[in-house]
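What follows is one structure encoded as structure tokens, with my remarks underneath.
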Amino acid sequence: MSRYDHTQVEPKWQAAWAEAEVFAARHDPERQKYYVLEMFPYPSGRIHMGHVRNYTMGDVIARYKSSAGFSVLHPMGWDAFGMPAENAAMATGGHPKTWTYNNIAVMRDQMKPLGLSIDWSREFATCDPEYYGQQQSMFLDFLEKGLVYRKNAVVNWDPVDMTVLANEQVIDGCGWRSGAPVERRELTQWFFRISDYSDELLSALDGLEKWPEKVRTMQANWIGKSRGLQFAFTLTAPVADFTGIEVYTTRPDTLMGASFVGISPDHPLARQLEAEREDIAEFCNECRQMGTSEADMEKAEKRGFDTGLTVRHPLDESWELPVWIANFILMDYGTGAIFACPAHDQRDLDFARKYGLPVKNAFFSLGDDTPVGNEALVPMKSEKVRFTDHFAGIEDVTGEDAVEATIRFAEGQGWGKGVENFRLRDWGLSRQRYWGCPIPVVHCADCGVVPERKEKLPVLLPDDVSFDVPGNPLDRHPTWRDCACPSCGKPARRETDTMDTFVDSSWYYARFTAPRAATPTDPAEAAYWMNVDQYIGGIEHAILHLLYSRFFARAMNICGHLPDSAREPFDALFTQGMVTHAIYLTRNAEGRPVYHYPEDVEQKDGKTVLKESGAEVEVIPSAKMSKSKNNVVDPLNIIRDFGADTARWFILSDSPPERDVEWTASGAEAAFKHLQRVWRLADDVRQRAEEAGAAGPSDEARPEDDKALEKATHRAIADVTAGIEGFAFNTSVAKLYAFTNTVAKSRASAAVKAQALRAMSQLMSPMTPHLAEEVWTMLGGEGLVATAAWPAADPAMLVEDTVTLPIQINGKKRSELQVPADMDKAGIESLAMADAAVQKALAGGQPKKLIVVPGRIVNVVV
RNA sequence: GCGGGCGUGGUGGAAUGGUAGACACAGGAGACUUAAAAUCUCCAGGCGCAAGCCGUGCGGGUUCGAGUCCCGCCGCCCGUACCA
């Protein structure tokens, strides 16, 4: 073989790894374990470059840690329940189950050629009855511990299709299929009590030191702990049983700027008024003609309705405030009612200006008594402001001090109390859909809601369902719902709601530790393998999936399924960026874009043109890969043409892992060429070594070249290892490029070169494992490189004798100094002062300041 | 709307507050070749003949020194609780 042939080499080594069972996770009490996990995929039908990137990064860590002596767990599974399967069934008439399992088979076949070090014996899909049965069992445990309950909540209701819609199925307030305006409708739904853990989930974030700061910040903001005042405004005239309106405010210090009281359209008082008055019912119904998503509600026009009711200001009996119903007030947060202070809240101000409500400053900026116009005065809470006529007797204080003073005042007078509030709501897990884990309870006319008996689990999804009409097939199944009450034995009905798919993904990491156990987890396995040492996935999961998983680990711990030490399941988290690709487009006669596949365009004379017609195309760089834009690169094509190692090498090389990476054909080719070059270099050294061996020590000895290459090898070991440890794989790759250049140019002996290349193959093995095995074997490495111990850099080989110090004059580089690495400050100073450029700048005078940072820089200020 | 992040040559990017542009792509020049491909060598931020000046989205600030820290903008991306 004179050329590296990936089509032959890659399957060969994959077979060798399988034969030796190199990637089987072994529970070995003698060795330290390492659990690396990538967020498991949804089986959409094809793997894409984003998957390749995610799993390659995990594989680098897994292989590196394995070489470093750890017993590694690196599993793979499928997040297999969810809407797309039902949508496919509706569109093509198939069954979600066949669609899903077919997709899994296809994607598994696409992943295997990547040569990932995955323990496939642990694979499962969340739609396997063995998995969701255990999930049902845990649901019953949660129920017993009071971690699940039922309450009413609103959903998006499509009045034409008579079905519940997901937020993404609501487009501009209308159902995606029917086009009918959606309505908010209330249903009784199951909830996890995640909000009981708000404080713990918040404070425990501090311990997650190996999580990105941005994710911890996002979660903290999402949990949204606040301190404020809760108190009631008294209605001047009671309505039915309502004598007042309870409000929560984080800015009680602005109470003297109150303008009106606002309540949610879903507030009990609004409901009461709705029943009495047609105009209010009409307004509330209009407010409900909207999807439930927060973004939609916040972006919608702020609208209000004056109820005509009034309340008394708590500090002034004679001050009456109007009560408005407003569409932007959420029933889920606080008490579902607020008082508005337009002067110090932009949203309140816009509302006040729109409806002609009063605007009165509660405070002013120091030294500026201009009343608020159309821009609310919202200073930082840490900034001092001047309060006017404040009841608590405060004047020039910061916002936060003012809040506390006001709370103390209200508590002292007994009309309000300081409370802590959280934005985090309980987790609604009910879904009115078929393709999910059935909620294992029974509704009995006599006994109410009764848990199914554990020995009857799993409650299996029926196979005989149809998707020809919208709605939940479980609800209209002729027999599935019918059952006997587990408590009294009388005829009863099964719950037809299934679980949110976030439930499935909230504990899969724990199941991987004992995927075939007859209980949700096996305590001994969970104790050994948990926690996940390195979790890798997309930033889009920063809040929901990760927060739900953190809650679930706590709930599982309470029920005895996880040890105390696993209440925080992910020790380290890394969020990787997307894979993007340029979009190529031309315009049709109407000016509409026509998208072209990457393989249909070429570069010509610095322009990007269509191969067929030569017409110039517009290029939109770095766009998210999307089928509709024809800019998707299929990993299988890359693997076929260049091999898995090339795909892996390129996807790691071009961008820092946390940022987006743009897939380019030229970049992939360059990666391929480089791998070929490494192979040729190894092949060449192998031949030379053999010739040298046959002819005796004829190889000309060059001790200084040998020493230089040995030093470079240790430098490479240190730098590449640091890159892997620090999740900077792109810099590891850059160091390996540089090291390849060094080896190629080196005039060291064949023996030393062979040694350098064996080290290189080890350093490359986490990234390009197939090529690494080939090179390792060619140059006499023993056994598999996959099982060889990671090389260690000798610190003595890393020290440099001399360093180059830049000399700056007034912060700009003007000269350089070569000095011994250990030279002291005084020595450097005198050398710097003697420098020609410095002499010139000083023009005989003395420097104002001389800064010497040994080993770093000299700065002369003149 | 709100919360979080990102922005460096023609391109992807490198850089513990200390020489901005490592490494690579595209480009240019050369070697080898009948020729091409492949491979190898060299050049290369912008302006300028040069000395030098200007340069990390924009505008300010802190510092001996800012891509890096702070404040204010602009643009793009992620999330926004029933997409996964």
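Basis for what follows: all heavy atoms, side chains included, without hydrogens, waters or symmetry-related copies. Source: prediction; values computed, not measured.
Nucleic acid contact for Gly577(A): none, since no nucleic acid atom lies under 4.0 Å from a heavy atom of the residue. Within 4.0 Å (heavy atoms only), His541(A) reaches at least one base atom of the nucleic acid. Among the atoms of the strands shown, none is found under 4.0 Å from any heavy atom of Val860(A). Asn730(A) comes within 4.0 angstrom of sugar-phosphate atoms only, judged by non-hydrogen atoms across all strands, and of no base. Within the nucleic acid shown, Lys673(A) comes within 4.0 Å of sugar-phosphate atoms alone, with no base atom in reach, counting heavy atoms only. At the heavy-atom level, Pro212(A) lies nowhere under 4.0 Å from the strands shown. Within the 4.0 angstrom heavy-atom criterion, no nucleotide atom of any strand lies near Gln346(A). Nucleic acid contact for Leu547(A): none, since no nucleic acid atom lies under 4.0 Å from a heavy atom of the residue. Residue-level contact check: Ser430(A) touches the bases, meaning some heavy atom is under 4.0 Å from a base atom. At a threshold of 4.0 angstrom between heavy atoms, the contacts of Ala542(A) with the nucleic acid are absent. In this structure, Asn741(A) reaches the sugar-phosphate backbone alone: every heavy-atom distance under 4.0 Å involves primed, P, OP1 or OP2 atoms, never a base. Within 4.0 Å (heavy atoms only), Val170(A) reaches no atom of the nucleic acid at all.
The closest side-chain heavy-atom distance from Phe81(A) to Thr498(A) is not below 4.5 Å. By the 4.5 Å heavy-atom criterion applied to side chains, Phe650(A) and Thr664(A) are counted as neighbours. Two residues are said to be in side-chain contact when any heavy atoms from C-beta on lie closer than 4.5 Å; Ile439(A) and Ser430(A) meet this criterion. With contacts defined as side-chain heavy-atom distances shorter than 4.5 Å, the pair Cys127(A)/Trp435(A) qualifies.
Using a 4.0 Å cut-off between charged nitrogen and carboxylate oxygen, Glu294(A) and Lys299(A) do not count as a salt-bridge pair. Between Arg814(A) and Asp835(A) no salt bridge is recorded (no basic side-chain N to carboxylate O distance below 4.0 Å). Using a 4.0 Å cut-off between charged nitrogen and carboxylate oxygen, Asp684(A) and Arg680(A) do not count as a salt-bridge pair.
Annotation: A14(B) and U8(B) have their C1' atoms spaced 10 Å apart (nearest Å). With both ends at atom C1', the span from A37(B) to C32(B) equals 13 Å, rounded to whole Å. On the P atoms, C42(B) is 14 Å away from C25(B), given to the nearest whole Å. C23(B) and A15(B) are spaced 12 Å apart, taking the C1' atom of each and rounding to whole Å. Spacing of C1' atoms, G17(B) relative to U62(B), comes out at 12 Å, to the nearest Å. Taking atom C1' in both G28(B) and G10(B), one finds a spacing of 13 Å when rounded to whole Å. Nucleotides A29(B) and C78(B) are separated by 46 Å at their C1' atoms, to the nearest Å. Atom C1' of C49(B) sits at a distance of 37 Å from the matching atom of U39(B), rounded to the whole Å.
For the pair Asn859(A) and U63(B), the criterion of a side-chain N or O lying under 4.0 Å from OP1 or OP2 is not met. For U80(B), neither phosphate oxygen OP1 nor OP2 lies less than 4.0 angstrom from any side-chain nitrogen or oxygen of Asn167(A). Using a 4.0 Å cut-off, no side-chain N or O of Lys299(A) falls inside it from OP1 or OP2 of G1(B). Note on Arg814(A): a side-chain N or O is less than 4.0 Å away from OP1 or OP2 of C53(B). An OP1 or OP2 oxygen of G13(B) is reached within less than 4.0 angstrom by a side-chain nitrogen or oxygen of Ser655(A). Contact annotation: Lys812(A) side-chain N/O to C54(B) OP1/OP2 distance is under 4.0 Å. Using a 4.0 Å cut-off, no side-chain N or O of Ser653(A) falls inside it from OP1 or OP2 of A24(B). Contact annotation: Arg856(A) does not reach the phosphate of A15(B) (side-chain N/O to OP1 or OP2, under 4.0 Å). Listed pair Arg425(A) / A81(B) fails the phosphate criterion, with no side-chain N or O lying under 4.0 Å from OP1 or OP2.
In this structure, the ring of Tyr508(A) has its center less than 6.0 angstrom from the ring center of Phe40(A).
Under a cut-off of 6.0 angstrom, the local environment of NZ in Lys354(A) is crowded, with over 12 non-hydrogen atoms contributed by other residues, nucleotides or ligands. Residue Lys848(A) qualifies as open at atom NZ: its count of foreign heavy atoms under 6.0 Å is 12 or below.
Considering only side-chain atoms of Gln432(A), the nucleotide from C23(B), C82(B), A26(B) that sits closest is C82(B). Of the candidates A81(B), G18(B), A84(B), G18(B) carries the atom nearest the Val853(A) side chain, counting heavy atoms from C-beta on. Of the candidates C40(B), C82(B), A24(B), A24(B) carries the atom nearest the Tyr737(A) side chain, counting heavy atoms from C-beta on. Closest approach to the Glu540(A) side chain among G79(B), A26(B), G13(B) is made by G79(B) (side chain taken as heavy atoms from C-beta onward).
Look at CD on Gln846(A): it is 20 Å from P on C64(B), rounded to the nearest Å. Here the P atom of nucleotide U39(B) and the OH atom of Tyr4(A) are 17 Å apart, to the nearest Å. Nucleotide A14(B) holds its C1' atom 12 Å from the CG atom of Asp654(A), rounded to whole Å. Atom CZ in Arg659(A) sits roughly 16 Å away from atom P in G67(B) (whole-Å rounding). Residue Glu213(A) contributes atom CD, which lies 23 Å from atom P of C78(B) at whole-angstrom precision. The CZ atom of Phe650(A) sits 12 Å away from the P atom of G12(B) (whole-angstrom rounding). If you take CD1 of Ile851(A) and P of U19(B), they are 14 Å apart, rounded to a whole angstrom. The nearest whole Å value for the distance from the CZ atom in Phe502(A) to the P atom in G79(B) is 10 Å.
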### Query
Under a 3.5 Å cutoff on both atom distances, Watson-Crick or G-U, what's the dot-bracket for RNA chain B ([ ] crossing, | other strand)?
(((((((..(((.....[....))).(((((.......))))).(((....)))..(((((..]....))))))))))))....
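In G75(B) the O4'-C1'-N dihedral to the base is more than 90° from 0, which defines an anti nucleotide.
With hydrogens and angles left out, the side chain of Gln169(A) and the base of C83(B) share no donor-acceptor pair within 3.5 Å.
Every residue meeting the side-chain contact (heavy atoms from CB on, under 4.5 Å) condition with Ala841(A), not counting sequence neighbours, appears here in chain and number order: Ile809(A).
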### Task
Please report the C-alpha distance between Trp649(A) and Phe729(A) in whole Å, then the side-chain angles of each, then the deciding distance to 0.1 Å, and finally whether the ring-ring contact (aromatic ring centres under 6.0 Å, His included) criterion is met.
CA-CA 10 Å; Trp649(A) 184 252; Phe729(A) 307 127; over 10 Å; no
### Residue pair Asn156(A), Thr292(A): steps toward the side chain to side chain donor-acceptor pair (under 3.5 Å) verdict
CA-CA 6 Å; Asn156(A) 301 307; Thr292(A) 58; 3.3 Å; yes
Tabulate protein N/O versus nucleotide N/O from nucleotides 2-4 of chain B, keeping only pairs under 3.5 Å, one per line.
from: G3(B); atom 1: O3'; to: Asn221(A); atom 2: ND2; distance (Å): 2.9
from: G3(B); atom 1: O2'; to: Asn221(A); atom 2: ND2; distance (Å): 2.8

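Panel note: side chain Lys225(A), backbone Asn221(A); no donor-acceptor pair is recorded below 3.5 Å.
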